[in-house]
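What you see below is based on every heavy atom in this structure, not just the backbone, and it leaves out hydrogens, waters and symmetry mates. Naming convention: chains lettered A, B, ... in sequence-line order (proteins, then strands); numbering from 1 in each chain.
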There are 2 protein chains.
Amino acid sequence: MEKHRSYCPVNLTMEVFGDKWSLVIIRDIMFEGKRYFRELMQSEEGIASNILTDRLVMLEQEGIISKADDPGHKQKNIYSLTLKGIDLLPIMVEIGNWSLKHKPVDLNKHKHAVKLVKGGMKLQGEVRKALIKDHLK
Amino acid sequence: MEKHRSYCPVNLTMEVFGDKWSLVIIRDIMFEGKRYFRELMQSEEGIASNILTDRLVMLEQEGIISKADDPGHKQKNIYSLTLKGIDLLPIMVEIGNWSLKHKPVDLNKHKHAVKLVKGGMKLQGEVRKALIKDHLK
DNA sequence: GCAACCAGTTGCATTTCGCAACTACTGCAA
DNA sequence: TTGCAGTAGTTGCGAAATGCAACTGGTTGC
């Protein structure tokens, strides 16, 4: 059996993110600072726990996030972005850009998205640095 | 019933493109110059005709593509990108960028993707101009 | 000890997806 | 005018994904 439908960049990306939840989870880890299962459960959109479990497993297998024990709480897991995950930042920014232009975004609720889109490469670089600091080892 | 799960830019975008095919179809229209149903059927990944129909209807309702009669053939439809669709170009480029770095892209088959990613803003601007010329009105 | 919290798991109904076959119409050539 | 290839889909149905609610087994704090 074949591993991929094709080896086109767009297709390979959609094989990973071609569902309604994966990128929303990445958003919460990347921009909302969420690092625990329970935090991710409280997404604005209301994800179900089994779907969240599935996606976290998939994203970890893809090497986009990593999972570690919380030293202060045996049962808690900390989810972090890998470099591969952090590298999704430019895609997120362009999605924000497109969405702000063409979709009915709630500007009051998502001021940080507006800021990031308007902030240009300089702000994006700063955000990237902060993510590397918080998520990589 | 609510129209959207939330009015976050990422979520609004995933409500449209959160499936395995929509962006692959856009890719074929945008980069492969495909404009007819039959051409789109021959995607490398092998889309089924009913899925293609569904997605084309959805993308048209979303205002991302438009559908027009072929003047030379009563039964043929020409699919074009709208400005909203053309504005997906930066997202495509960033997806290419990420994929080239982190996924097993077939570099020989997708040289034009490499070129577009390496070409920077200048080439992207040229491609955008060409798309506007070919697809709008 | 015990209630609240933690990360899931399970079962089941609903929805979506995907494949193969089929339809209805058009243009072309004999 | 008749057949045939080409056009954009539609239909039926089994498989997979999704969503909801309840449940599990362990941990932490009081």
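- Using the six-membered ring where Trp is involved, His4(A) and Tyr7(A) have ring planes that are perpendicular, over 60° apart on the 30 and 60° scheme.
- A donor-acceptor pair shorter than 3.5 Å cannot be found between the side chains of Ser43(B) and Asp28(B).
- Of the residues in residues 32-47 of chain A, those lying under 4.0 Å from DNA chain C by heavy-atom distance are Tyr36(A), Phe37(A), Arg38(A).
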Sequence-aligned protein contact record of nucleotides 25-30 of chain C, with B where the base is within under 4.0 Å of a protein heavy atom and S where only the sugar-phosphate is: BSS---

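- Of the residues in residues 49-65 of chain B, those lying under 4.0 Å from DNA chain C by heavy-atom distance are Ser49(B), Asn50(B), Ile51(B), Arg55(B).
- For the residue pair Ser99(B) and Leu12(A), the shortest heavy atom distance occurs at OG-CB, 4.0 Å.
- What separates NZ of Lys67(B) from C1' of dA8(D) is a distance of 8 Å, to the nearest Å.
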Report the C-alpha distance between Asn97(A) and Asp87(B) in whole Å, list the side-chain angles of each, state the deciding distance to 0.1 Å, and finish with yes or no for side chain to side chain contact (heavy atoms under 4.5 Å, CB included). CA-CA 9 Å; Asn97(A) 203 11; Asp87(B) 279 341; over 6 Å; no

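- Proximity of Trp21(A) to the phosphate of dA17(D): no side-chain N or O atom is located under 4.0 Å from OP1 or OP2.
- As a whole-Å value, the separation of Asp70(A) CG from dC5(C) P is 17 Å.
- Atom-to-atom, CD of Glu15(B) to P of dT15(C) comes out at 17 Å; the value is rounded to the nearest Å.
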Scan the side chains in residues 105-120 of chain B for donor-acceptor partners under 3.5 Å anywhere in the protein, sequence neighbours excluded, and list what turns up.
| from | atom 1 | to | atom 2 | distance (Å) |
| --- | --- | --- | --- | --- |
| Asp106(B) | OD1 | Asn108(B) | N | 3.1 |
| Asp106(B) | OD1 | Lys109(B) | N | 3.2 |
| Lys109(B) | NZ | Glu44(B) | OE2 | 3.4 |
| His110(B) | NE2 | Cys8(A) | N | 3.4 |

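- A continuous path of ILVMFWY side-chain contacts below 4.5 Å connects Leu123(B) to Ile95(B), so both sit in one hydrophobic cluster.
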Quick one: side chains of residues 56-70 of chain B, donor-acceptor pairs under 3.5 Å with protein atoms, not counting sequence neighbours, listed by atom name and distance.
| from | atom 1 | to | atom 2 | distance (Å) |
| --- | --- | --- | --- | --- |
| Glu62(B) | OE1 | Lys103(A) | NZ | 2.9 |
| Asp70(B) | OD1 | Gly72(B) | N | 2.8 |
| Asp70(B) | OD2 | Tyr36(B) | OH | 3.1 |

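- The 5' end of DNA chain C is approached more closely, in terms of each residue's nearest nucleotide, by Lys76(A) than by the other of Lys76(A) and Asp19(B).
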Write down the protein N/O and nucleotide N/O pairs, taken from nucleotides 13-16 of chain D, whose separation is under 3.5 Å; answer none if there are no such pairs.
none

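- Within the model, atoms NZ of Lys101(B) and NZ of Lys84(A) stand 11.5 Å from one another, a figure rounded to the nearest 0.5 Å.
- Atom CD1 in Ile25(B) sits roughly 13 Å away from atom C1' in dG18(C) (whole-Å rounding).
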